Amino acid sequence: MFFLVVLIMTRQVPLKPFSSLMNLALFGFFAFQANFILQKTERSRLILLQLIVGWGFLMLGYSAAFGNSLGTSLRFLIILVLIQGAFFINPKTSYIRILIGFLVLQSVFLISLHLILNLFFNMSSYMFLRLFFQAQGWGDVYTFNGLFYNIQILGNALLPFGVFVSLIYYTGIKRVIFTGILFVGMLVAGNFAFLLGVTFFMISLFLVTEKYSTKKFVAGFFVLIMIGILVAQPAMNYLDKTVSAKAQESNPTRIDQAEVLWGNLTENPLNFLLGKGLGNTLKVKTKWRDYTDNIYFELQSLYFLNQMGILNFLIFVGANIGLVFLFLTNTKVKVIYFAYILYAFFNPYFLDTSHIVVIITLVSLNQALEKRESHLLPNEV
């Protein structure tokens, strides 16, 4: 069942015909987990889960009072409850391997497409492919110079997360191969937030988990300097073009979205405190976009704040942080989670099925690392 969830979540199955199948897959996965959760979960933790579910249904009742669509309200209720319920599942290392397997396939596809575009297309001839991807709702493929193509398509959301997990979970040649493929695929995806997430992850991992001798530190620093010299100019060109593109296209849209969502939330003090209810949709049209009945925003985190209000949003964030420290006891796993939050926060795929899969994977990774440190699992995987 987890196989099906990942299959759909990574968009290896066509998206639109299977939108309802995604919900069924999630229901099925957690239905299989129900016996474990009820029988194996400590009583205090089970009470916590019951409080989370009860809180969710209170928000659903509040949403009904606003007359929001029941189907849309239930969709967001399921996401919120399952994000936190995912901490309670029965962890298995197979979940890690399934996810990494699909993300490696995604990366191989991105790298292959990038090579094909470089070898057989130019800045004018590739446009039909870009229009095709956009028409199918698969994402976007574009270039500024005809050499580097940004392939921002469905399924890319967890590539940086895959880099983090692969680097920690695997050892030896598997770590080199899988992490390398995922990292190159992530670069081809061309999302600046991904680079921020990887930078945060590497710095945090170095600071909080590794103890290096002076000799190793000096050697590592020297290698970083040499790499920095080699990539400095291409990196600066990439950053300059990325920031310029964001300034011209994405940032005005995000500012517009922020103004619309915040204005809707702050219409009165009660709305600000408790939100406009799960499934709230807007009837607003600006010069940038028509937001009528939209449930997807580039600033998805702000859209959840709009639905939940400041009080419920803080309850959700506080409960999530508490669950992280309760279930993710390994420091490296915590670093992975917060690195994911950092880069996902700036993208539309925040607080969705990707988030659920992240937690399922990290709970499994946490157990795997505990067993490895207790010598119950071999170092080479």
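Note that the coordinates shown come from a computational prediction; the quantities given were computed from them, not determined experimentally.
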For residues [X] and [Y]: do they belong to one hydrophobic cluster (side chain heavy atoms under 4.5 Å, members Ile, Leu, Val, Met, Phe, Trp, Tyr)?
{"X": "L80", "Y": "L51", "value": "no"}
{"X": "M123", "Y": "L113", "value": "no"}
{"X": "V141", "Y": "L131", "value": "no"}
{"X": "F325", "Y": "I47", "value": "no"}
{"X": "L48", "Y": "L58", "value": "no"}

[X] versus [Y]: any side-chain heavy-atom pair under 4.5 Å?
{"X": "M186", "Y": "L110", "answer": "no"}
{"X": "I52", "Y": "L323", "answer": "yes"}
{"X": "Y343", "Y": "F200", "answer": "no"}
{"X": "L282", "Y": "L261", "answer": "yes"}
{"X": "D140", "Y": "I153", "answer": "no"}
{"X": "Y291", "Y": "D256", "answer": "yes"}
{"X": "L362", "Y": "Y340", "answer": "no"}
{"X": "M59", "Y": "W55", "answer": "yes"}

Quick check against the 3.5 Å criterion: does [X] have a side-chain atom that pairs as donor or acceptor with the backbone of [Y]?
{"X": "R75", "Y": "L278", "result": "no"}
{"X": "N68", "Y": "K276", "result": "yes"}
{"X": "N306", "Y": "L302", "result": "no"}
{"X": "T143", "Y": "F148", "result": "yes"}
{"X": "S364", "Y": "P91", "result": "no"}
{"X": "Q84", "Y": "V53", "result": "no"}

Taking all atoms of both residues into account, what is the closest heavy-atom pair of [X] and [Y], and its distance?
{"X": "K283", "Y": "T292", "answer": "CD-CG2, 4.0 Å"}
{"X": "S73", "Y": "S63", "answer": "OG-CB, 3.8 Å"}
{"X": "A368", "Y": "T93", "answer": "CB-CG2, 3.9 Å"}
{"X": "P160", "Y": "N156", "answer": "CD-O, 4.0 Å"}
{"X": "I79", "Y": "D352", "answer": "CG2-CA, 4.1 Å"}
{"X": "G85", "Y": "L49", "answer": "CA-CD1, 4.0 Å"}

Can you measure from [atom1] ([X]) to [atom2] ([Y]) and round to the nearest 0.5 angstrom?
{"X": "N320", "Y": "I359", "atom1": "CG", "atom2": "CD1", "value": "5.5 Å"}
{"X": "I83", "Y": "I78", "atom1": "CD1", "atom2": "CD1", "value": "12.0 Å"}
{"X": "F201", "Y": "Y337", "atom1": "CZ", "atom2": "OH", "value": "15.5 Å"}
{"X": "L103", "Y": "I98", "atom1": "CG", "atom2": "CD1", "value": "12.0 Å"}
{"X": "F178", "Y": "S107", "atom1": "CZ", "atom2": "OG", "value": "11.5 Å"}
{"X": "S166", "Y": "K174", "atom1": "OG", "atom2": "NZ", "value": "10.5 Å"}

Residues [X] and [Y]: side-chain donor-acceptor under 3.5 angstrom:
{"X": "N330", "Y": "E373", "value": "yes"}
{"X": "Q152", "Y": "Y142", "value": "yes"}
{"X": "N90", "Y": "Q33", "value": "no"}
{"X": "N294", "Y": "Y303", "value": "no"}

Counting only heavy atoms not in K334 (residues, nucleotides, ligands), do more than 12 fall under 6.0 Å from its NZ? yes
Over 12 foreign heavy atoms within 6.0 Å of CZ, F121: yes
Yes or no on side-chain contact (heavy atoms from CB on, under 4.5 Å) for F102 and L158, after CA distance, side-chain angles and deciding distance? CA-CA 10 Å; F102 277 109; L158 293 182; over 6 Å; no
Given F30 and I89, is the side-chain contact (heavy atoms from CB on, under 4.5 Å) satisfied, shown in steps? CA-CA 8 Å; F30 279 92; I89 60 98; 3.7 Å; yes
Set out, in order, the CA-CA distance, both residues' side-chain angles and the distance that settles side-chain contact (heavy atoms from CB on, under 4.5 Å) for F183 and F194, then state yes or no. CA-CA 10 Å; F183 183 75; F194 289 0; over 6 Å; no
Any chance the rings of [X] and [Y] have centres within less than 6.0 Å?
{"X": "F88", "Y": "F36", "value": "no"}
{"X": "F66", "Y": "Y62", "value": "yes"}
{"X": "Y95", "Y": "F29", "value": "yes"}

Where does the angle between the aromatic ring planes of F161 and F164 fall among parallel (under 30°), tilted (30 to 60°) and perpendicular (over 60°)? perpendicular
Among I100, V358, L182, T179, find the one that has a side chain to side chain contact (heavy atoms under 4.5 Å, CB included) with V165. I100
Take Y126 and Y149, measure what ring pair (Phe, Tyr, Trp, His ring centres under 6.0 Å) needs, and give me the verdict at the end. CA-CA 10 Å; Y126 92 98; Y149 289 83; 5.3 Å; yes
Show the numbers, then the answer: is there a side-chain contact (heavy atoms from CB on, under 4.5 Å) between I321 and V317? CA-CA 6 Å; I321 293 174; V317 171; 3.9 Å; yes
Please say which of R372, K332, R175, R97 ends up in a side-chain hydrogen bond (donor to acceptor under 3.5 Å, both in side chains) with Y169.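 Of all the options given, the one that passes is R97.
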